[in-house]
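Here is the structure we will look at, set down as structure tokens.
First listed ligand is number 1; within each ligand, the first listed atom is number 1. None of these values were measured; they are calculated from a predicted model. For the single chain, residues carry numbers from 1 onward in sequence order.
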Amino acid sequence: MRRRTFLGTLAASSAATALGSEPLGAGQSVRPATAKPTRITLLGTGTPAPSLERQGSGYLVEVGDDVIVMDHGPGAHHRLLESGRRAIDVTHAFFTHLHYDHCMDYGRLVLQRWDQGADRINDLDVYGPPPMRRMTEQLFGEDGVYGPDIRARIEHQSSIDVFVARGGTPPRKRPAPRVREIKPGDVITGKEWKVTVGRAKHVEPYLECLAFRLDAPDGSLCYTGDSGASDDVVALAKGCDVLIHMNHYFSGTAPSPAYRAACGNHRDNALTAKKAGVKTLVLTHLLAQVDQPRVREQIVQEIRQDFDGRVVWGEDLMELGFTLPQVAKIEGY
Ligand SMILES: [Zn+2]
């Protein structure tokens with residue numbers, strides 16, 4: 001799939017010190033802007049419904065030297081490779097909730113990173129709601145799903161030889177993601193970013209459902225995970241440059257009030273974006289019913305009746321930054 005660049009990268013060389021980002025708030029430890037603008041790539045904009053066009057939920061945020069994934073649903077890892085990144089490049093993984101369409105490629109990410117990294121890179125830093133730690137143990141522990149595979153790769157001579165060829169020094173360590181279970185209100189600070197954990201409104205109490213706000217030197221991003229309309233999400237997203245919001249279905253077609261409460265529709269999302277005062281609303285988690293010519297445009301048009309910011313119809317591998325694209329003067333076409 002062709003990479004699609006919409007916002008930001010054209011302004012990469014000069015804009016980082018002059019961006020109109022939201023204040024980071026008191027007590028921030030985010031360092032001043034670097035020359036490298038934050039890059040956001042939509043890896044998977046689909047739903048649990050099968051689709052070759054839209055993979056399971058996944059987002060890539062590159063800030064400074066850190067490569068962060070937020071959710072890693074089925075197919076998101078394939079898109080990561082298509083984006084030019086590999087598992088070993090990823091430094092942090094955040095999970096909003098443990099619906100499979102948001103976490104099924106977690107195993108692939110950890111195992112490929114472990115295998116290719118050959119003990120030369122740090123273990124992955126993982127943040128997610130409970131039972132993130134249990135899921136990790138059940139996948140990669142000695143008695144876990146991949147326990148026999150991991151043992152074979154550590155102990156069989158052929159695997160040791162490959163490990164050494166990749167630069168490793170036996171004995172090989174087990175994959176050991178550094179898992180931190182998180183809850184609304186938690187703050188995780190990286191070298192040049194801060195993630196604030198918020199509460200989404202989705203399928204509680206069966207799953208803990210989180211939303212994330214990432215503040216970087218050049219701007220702020222809020223990713224809702226899966227959420228219906230929620231004052232908590234509005235508060236978390238306040239003033240963000242970019243809000244990536246679930247836009248699952250067409251307003252008025254929900255089968256029940258419970259469905260509407262758990263999943264975003266476009267009219268609800270318009271009001272969320274308006275109340276939060278974000279600059280750009282990115283629509284994602286899109287069912288086929290809304291992903292049709294003329295329906296797409298109707299949705300964007302109706303959202304703009306309530307929300308006067310920019311509305312972006314998300315696509316897998318779309319890239320966004322915090323600065324607006326510069327439209328070059330036509331010369332020599
Ligand atoms: Zn979900």
Residues 293-302, side-chain donor-acceptor partners within the protein, below 3.5 Å, at least two apart:
| unit_1 | atom_1 | unit_2 | atom_2 | d |
| --- | --- | --- | --- | --- |
| Arg296 | NH1 | Asp291 | OD1 | 3.1 |
| Glu297 | OE1 | Arg294 | N | 2.5 |
| Gln298 | NE2 | Glu302 | OE2 | 2.9 |
| Glu302 | OE1 | His266 | NE2 | 2.8 |

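- Both tests hold for Arg172 against Trp114: distance to the six-membered ring centre under 6.0 Å, angle to the ring axis within 45°.
- Listing protein N, O or S atoms at distances below 2.8 Å from the Zn ion (ligand 1), with waters left out, gives His97 NE2, His99 ND1, His202 NE2, Asp226 OD2.
- Ring pair His202/His99: centre-to-centre distance below 6.0 Å.
- Residues in residues 136-148 take part in these side chain to side chain donor-acceptor pair (under 3.5 Å) pairs, two or more places apart or across chains: Tyr106-Thr136.
- Residues Val233 and Val195 do not share a hydrophobic cluster, defined by chaining ILVMFWY side chains whose heavy atoms lie under 4.5 Å apart.
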Scan the side chains in residues 68-76 for donor-acceptor partners under 3.5 Å anywhere in the protein, sequence neighbours excluded, and list what turns up.
| unit_1 | atom_1 | unit_2 | atom_2 | d |
| --- | --- | --- | --- | --- |
| Asp71 | OD1 | Thr96 | N | 2.8 |
| Asp71 | OD1 | Thr96 | OG1 | 3.3 |
| Asp71 | OD2 | Thr96 | OG1 | 2.8 |
| Asp71 | OD2 | His102 | ND1 | 2.7 |
| Asp71 | OD2 | Tyr223 | OH | 2.6 |
| His72 | NE2 | His77 | ND1 | 3.0 |

